[in-house]
Amino acid sequence: MKLDGRYLNLAKIADSGQCFRMTPSGKGFEIIASGRHVLVCHEGDSIVVKGDNDQAFWKHYFDLKTDYPAILASVDPDDVFLQTACAYSKGLCILNQEPFETLISFIISQRKSIKAIRICVEKLADRFGEKLGSRYLFPTPKALANANLQCLQDCAVGYRAAYIQKTAQMVASGEVNLNALYQLNHQDLVQELCHFPGVGVKVASCVSLFAYHNMEAFPRDVWIMRVEEQEYGGRFPEEKYPHMAGFLQQCMFFYGKSPDYRVKTVKNP
DNA sequence: AACCAGGGGTACC
DNA sequence: GGTACCCATGGT
């Protein structure tokens, strides 16, 4: 199956820190998402997906309906840093990911590096997920709700084990219906997600952006705050870009973490 | 070998 | 309502 790949850059998406189960494989990438396990790679102007034929799903997953070039073109030309960050990040998009996996993944994310998050998520899948071919799917809410606390801790999640277990129980029991939350706006959604243990405004914002695709979400982590301090004297005016702030945040995060930017901003007196 | 990682909960004031 | 401290674990 082929998709329009003229804008996307799979390598950048895989390295962007919004998804944790997209890994280099041969000339392309392996993706495990929403009960599917595929191989994707660039081929000319296309992205070739092998292992699944649900075109509607993958078009949505890669957010092909959003006009990213138009978004990039509408960035304030006087904001030199943002222009640079966006140019550097060309090919990034905001994926449409499954809410439960995104929720648990970003509960794990607190005080962890992206590499460490990947390891935890993989261990959870290996231990509690359903097998599909050579790999394991992300665990269902029920599987994590019934998981032994010590077994969860064996997945290197540390003190977050209790957060994961309780959150999974709240979902599995029906106390919270994640699919029903699509109808909420960003602010109400964040408030709702904050009821889960281990979820504060930052994690909730990530879930709002990466699963529910609320583009006005602007998650502030240590990297973003560092960039905001350096480039904007404290705070990026995200209200200036109500329908694309989340994507710009991705660009600022991706560029801000890159060696290019870090070398540039080193101060040697 | 200290220090940091896509923070949040809690106990204080 | 702010703020200080604690929380496991892996990478650098």
Side-chain angles (χ1 to χ4, degrees), chain A residues 12-23 85 88-89 92-95 97 99 101-124 126-127 147-170 186 189-232 234-236 238 245-259 261-263 265-266:
Chain A
K12 291 184 186 178
I13 295 168
D15 200 32
S16 69
Q18 63 178 303
C19 58
F20 305 104
R21 305 199 75 196
M22 180 172 178
T23 50
Y88 185 86
S89 307
L92 277 186
C93 69
I94 303 296
L95 299 172
Q97 301 186 78
E101 173 171 349
T102 309
L103 177 60
I104 298 297
S105 297
F106 278 94
I107 285 175
I108 292 168
S109 78
Q110 63 174 255
R111 301 298 287 182
K112 274 189 177 298
S113 66
I114 291 173
K115 186 172 293 184
I117 300 165
R118 279 204 181 94
I119 291 170
C120 290
V121 171
E122 212 55 34
K123 285 186 176 179
L124 282 179
D126 286 347
R127 186 162 306 220
N148 174 282
L149 202 59
Q150 184 57 50
C151 293
L152 287 174
Q153 270 166 355
D154 290 342
C155 297
V157 298
Y159 63 89
R160 306 163 191 81
Y163 299 159
I164 295 169
Q165 188 189 51
K166 183 70 198 304
T167 295
Q169 286 169 355
M170 290 167 71
H186 168 65
L189 175 60
V190 166
Q191 201 169 344
E192 202 58 37
L193 291 172
C194 282
H195 291 137
F196 291 112
V199 177
V201 172
K202 189 271 171 182
V203 167
S205 297
C206 285
V207 177
S208 180
L209 180 58
F210 300 133
Y212 292 89
H213 214 265
N214 291 128
M215 284 289 223
E216 65 268 43
F218 193 85
R220 286 188 160 85
D221 70 331
V222 291
W223 293 98
I224 288 294
M225 290 194 283
R226 212 169 282 158
V227 164
E228 287 185 294
E229 196 60 41
Q230 177 81 25
E231 307 294 339
Y232 297 94
R235 186 178 161 279
F236 174 74
E238 78 260 32
F247 173 67
L248 299 179
Q249 188 272 4
Q250 259 315 94
C251 296
M252 293 166 63
F253 178 77
F254 187 68
Y255 179 55
K257 265 170 62 73
S258 73
Y261 177 71
R262 290 213 263 176
V263 167
T265 53
V266 165

- prompt: Could you state the CZ-P distance from R160(A) to dT9(C), rounded to the nearest angstrom?
  reply: 9 Å
Atom-pair distance (CD1 on I117(A); C1' on dG11(C)), nearest Å: 13 Å
query: Within the structure shown, what part of the strands sits under 4.0 Å from F254(A) by heavy-atom distance: base, sugar-phosphate, or nothing?
result: nothing
message: Please tell me whether Y261(A) and E231(A) have a donor and an acceptor in their side chains that are separated by less than 3.5 angstrom.
response: yes
message: From CG of L149(A) over to P of dA8(C), roughly how many Å is that when rounded to an integer?
response: 11 Å
task: Using atom CD1 of I119(A) as one end and atom C1' of dG11(C) as the other, report the distance to the nearest whole Å.
output: 9 Å
- request: Please state the P separation for the pair dC5(C) and dC3(B) - nearest whole angstrom.
  value: 16 Å
field: Any residue meeting salt bridge (charged side-chain N to carboxylate O under 4.0 Å, His left out) with R220(A), in chain and number order, not counting sequence neighbours
entry: E228(A), E238(A)
field: Under the salt bridge (charged side-chain N to carboxylate O under 4.0 Å, His left out) test, residues paired with R118(A) that sit two or more places apart
entry: none
query: With sugar-phosphate meaning primed atoms plus P, OP1 and OP2, does S16(A) contact a base, only sugar-phosphate, or nothing at under 4.0 Å between heavy atoms?
result: base
task: Take atom P in dA11(B) and the same atom in dA8(C), then report the distance between them in whole Å.
output: 15 Å
- request: Please name all residues satisfying ring pair (Phe, Tyr, Trp, His ring centres under 6.0 Å) with F196(A), sequence neighbours left out, ordered by chain then number.
  value: none
- request: Calculate the interatomic distance between R262(A) atom CZ and dT12(C) atom P; express it in whole Å.
  value: 11 Å
message: OP1 or OP2 of dA5(B) versus the side-chain N and O atoms of R226(A): is any pair under 4.0 Å?
response: yes
Distance-only criterion, 3.5 Å: show the donor-acceptor pairs between side-chain atoms of residues 101-110 of chain A and protein atoms not counting sequence neighbours.
unit_1: T102(A); atom_1: OG1; unit_2: E98(A); atom_2: O; d: 2.7
unit_1: S105(A); atom_1: OG; unit_2: E101(A); atom_2: O; d: 2.7
unit_1: S109(A); atom_1: OG; unit_2: F106(A); atom_2: O; d: 2.7
unit_1: Q110(A); atom_1: OE1; unit_2: Y159(A); atom_2: OH; d: 2.9
unit_1: Q110(A); atom_1: NE2; unit_2: G198(A); atom_2: O; d: 3.4

field: Euclidean distance, atom CD1 of residue I107(A) to atom P of dC7(C) [Å, nearest integer]
entry: 20 Å
task: Output all residues satisfying ring pair (Phe, Tyr, Trp, His ring centres under 6.0 Å) with Y163(A), sequence neighbours left out; order by chain, then residue number.
output: none
query: For the side chain of N214(A) and the backbone of A217(A), is there at least one donor-acceptor N/O pair under 3.5 Å apart?
result: no
- line: In whole angstroms, the gap separating P of dC4(B) from CD1 of I114(A) amounts to 18 Å
query: Rounded to the nearest Å, what distance is computed from the CG atom of residue L152(A) to the C1' atom of nucleotide dA8(C)?
result: 14 Å
task: For each nucleotide in nucleotides 7-13 of chain B, reading 5' to 3', give B when a protein heavy atom comes within less than 4.0 Å of its base, S when such contact involves only the sugar-phosphate, and - otherwise.
output: BSS----
